[in-house]
Amino acid sequence: MLFDNKKENVFKIGVNLMSVKQNRILIFGAGVIGSIYAMKFMEAGLDVTMFARSNRYQALKDNGLQYHEKGAVKSVKVNVIDTLENDDVYDFILVAVRYDRSESALLALKDNQSKNIVTMISNSIGFSSWLDIVGDRLLPAFPGVGGQIKEGILYARIPPKALMATTFGEINGLVTERVEKLVKIFETAKLACAMNKDMKSYLITHSVSDIALLSVLHLDDKTVKTRKTAHKITVTLKSYLRALQKAGVAINPATFKIVLKIPDLILDFFFMIWLRTKMVRDMRLPDYAGNANNEIVHLNNDLLKFLRPYNITP
């Protein structure tokens with residue numbers, strides 16, 4: 001009887017895996033985030049299509065998805081489209097674009113009949129404009145991967161779950177069937193993921209963190225490594241976190257509350273070390289820094305608008 005139970009469990013696992021792999025997934029956006037998810041999903045045997053435009057579309061079509069792994073450049077063939085018909089339906093559409101391009105991306109999906117649109121966008125100041133466009137199809141998320149694309153080749157960074165995980169959840173905080181299904185998809189692809197019951201505060205908290213951390217990318221190499229620059233990050237981050245608290249926004253994840261208790265001197269030292277890491281050097285490459293600056297400016301303007309009714313200035 002014990003052997004029979006084991007066979008039954010194996011059968012159930014097999015059925016669940018088959019069900020997950022039958023889902024059609026569209027990655028809308030072929031930058032770093034979208035490319036990493038596409039690569040990992042394809043490795044897991046999932047049905048993945050990428051939406052890309054212009055040169056990126058042509059490169060993916062001609063060369064496949066090229067990525068760097070263990071010192072070598074590899075390539076995987078990918079189904080890529082540059083036009084999406086309204087009746088081309090997917091179980092999940094993952095929107096992987098920068099914050100400043102989020103509304104235009106969602107407008108492009110407005111009339112598509114797919115029921116689940118997951119916004120894999122690192123930062124956001126609320127969802128009202130997104131909800132106006134796609135309604136309750138919206139499932140907000142925070143990407144738990146990073147990296148860069150150099151000369152068409154993806155250099156992926158997938159941190160351990162203890163440091164970062166792809167996080168998503170319903171706006172109302174409920175654990176729904178589609179959230180559970182998305183968890184299974186990520187588990188199948190061996191990607192760390194987590195559910196969060198307050199995605200609005202989660203994304204806003206990460207937004208103020210990015211505003212503080214990434215606003216220095218445009219500085220020259222000599223200036224960026226100074227104590228003065230590190231202290232600017234410390235002061236900006238703390239003032240924005242306090243502003244969120246005054247506006248009634250929960251600091252989420254709660255670990256960010258620790259920042260407010262750490263003396264400035266210690267935080268300055270931490271950020272001085274961070275500013276000297278290879279990750280930051282790579283992020284300060286002209287293409288990345290320029291794009292990040294556009295996003296941070298847009299994000300900061302929207303955050304100030306959000307705080308204005310509370311008469312709060314960070």
Side-chain angles (χ1 to χ4, degrees), residues 20-21 23-84 90 92-98 101 105 118 120-122 141-166 185-193 210 214 217-218 221 274-295:
V20 167
K21 289 191 174 183
N23 284 300
R24 296 188 74 216
I25 301 169
L26 175 67
I27 310 291
F28 193 93
V32 173
I33 303 299
S35 296
I36 294 175
Y37 286 130
M39 176 185 69
K40 296 300 291 183
F41 289 164
M42 286 188 289
E43 285 180 352
L46 301 176
D47 183 353
V48 180
T49 299
M50 295 186 74
F51 179 93
R53 288 194 173 101
S54 305
N55 294 339
R56 185 60 175 159
Y57 165 77
Q58 199 60 48
L60 289 168
K61 188 175 180 182
D62 294 343
N63 307 317
L65 177 53
Q66 294 181 300
Y67 60 98
H68 186 268
E69 183 178 84
K70 297 179 180 179
V73 175
K74 300 181 180 180
S75 177
V76 58
K77 186 176 180 180
V78 58
N79 182 32
V80 58
I81 60 175
D82 62 353
T83 302
L84 179 64
Y90 295 83
F92 288 96
I93 297 180
L94 273 60
V95 181
V97 298
R98 298 200 316 261
R101 295 181 177 177
V118 186
M120 287 290 175
I121 298 168
S122 299
F142 180 88
V145 296
Q148 58 186 309
I149 294 176
K150 293 181 182 178
E151 298 179 352
I153 299 169
L154 172 67
Y155 292 78
R157 290 195 186 95
I158 305 177
K161 186 174 182 178
L163 293 178
M164 185 184 294
T166 299
I185 288 172
F186 273 78
E187 289 177 344
T188 300
K190 297 180 180 179
L191 283 166
C193 68
D210 275 4
L214 303 184
L217 294 182
H218 65 285
D221 193 60
W274 177 75
L275 289 167
R276 288 166 168 76
T277 61
K278 182 179 184 300
M279 179 182 73
V280 173
R281 287 200 302 271
D282 289 344
M283 288 165 64
R284 292 180 61 236
L285 292 172
D287 287 347
Y288 185 99
N291 290 334
N293 186 60
N294 292 337
E295 183 173 11

Do [X] and [Y] have side-chain heavy atoms sitting under 4.5 Å apart?
X	Y	value
Val32	Leu154	yes
Tyr90	Leu84	yes
Val78	Met42	yes
Ile185	Leu46	yes
Gln148	Arg157	yes

**Item:** More than 12 heavy atoms from other groups under 6.0 Å of CG on Asp62
**Value:** yes

**Message:** Are there over 12 heavy-atom neighbours, none belonging to Arg24, within less than 6.0 Å of that residue's CZ?
**Reply:** yes

**Prompt:** Are Phe186 and Phe41 an aromatic pair by the rule of ring centers under 6.0 Å?
**Reply:** yes

Looking at every heavy atom in both [X] and [Y], which two are closest together, and how far apart are they?
X	Y	value
Val280	Leu275	CG1-O, 3.8 Å
Val97	Gly29	CG1-CA, 4.4 Å
Met120	Ala141	SD-CB, 3.7 Å
Met50	Leu26	C-CD1, 4.2 Å
Ala52	Ala30	CB-CB, 3.6 Å
Pro143	Ser122	CG-OG, 3.5 Å

Interatomic distance, [X] atom [atom1] to [Y] atom [atom2] [nearest 0.5 angstrom]:
X	Y	atom1	atom2	result
Lys74	Gln66	NZ	CD	13.5 Å
Glu43	Thr188	CD	OG1	13.5 Å
Asn63	Gln58	CG	CD	9.0 Å
Lys40	Leu191	NZ	CG	6.0 Å

**Request:** Give the C-alpha distance, both sets of side-chain angles, the deciding distance and a yes or no for side chain to side chain contact (heavy atoms under 4.5 Å, CB included) between Leu94 and Ile25.
**Result:** CA-CA 7 Å; Leu94 273 60; Ile25 301 169; 4.2 Å; yes

**Prompt:** Between Ser35 and Arg56, do the side chains contain an N or O donor and an N or O acceptor separated by less than 3.5 Å?
**Reply:** yes

**Asked** Would you say the side chains of Tyr67 and Ser75 form a donor-acceptor pair under 3.5 Å?
**Response** no

**Request:** Would you sort out whether Ile93 and Ile27 count as a side chain to side chain contact (heavy atoms under 4.5 Å, CB included), showing the intermediate values?
**Result:** CA-CA 6 Å; Ile93 297 180; Ile27 310 291; over 6 Å; no

**Test log, rule side chain to side chain contact (heavy atoms under 4.5 Å, CB included), inputs Ile158 and Ile36** = CA-CA 9 Å; Ile158 305 177; Ile36 294 175; 4.0 Å; yes

**Message:** For Ile33, run the side-chain contact (heavy atoms from CB on, under 4.5 Å) check against Val145, Ile121, Val95 and tell me which one passes.
**Reply:** Val145

**Request:** Starting from the C-alpha separation in whole Å, work towards a yes-or-no answer on side chain to side chain contact (heavy atoms under 4.5 Å, CB included) for Leu65 and Leu60.
**Result:** CA-CA 6 Å; Leu65 177 53; Leu60 289 168; 3.9 Å; yes

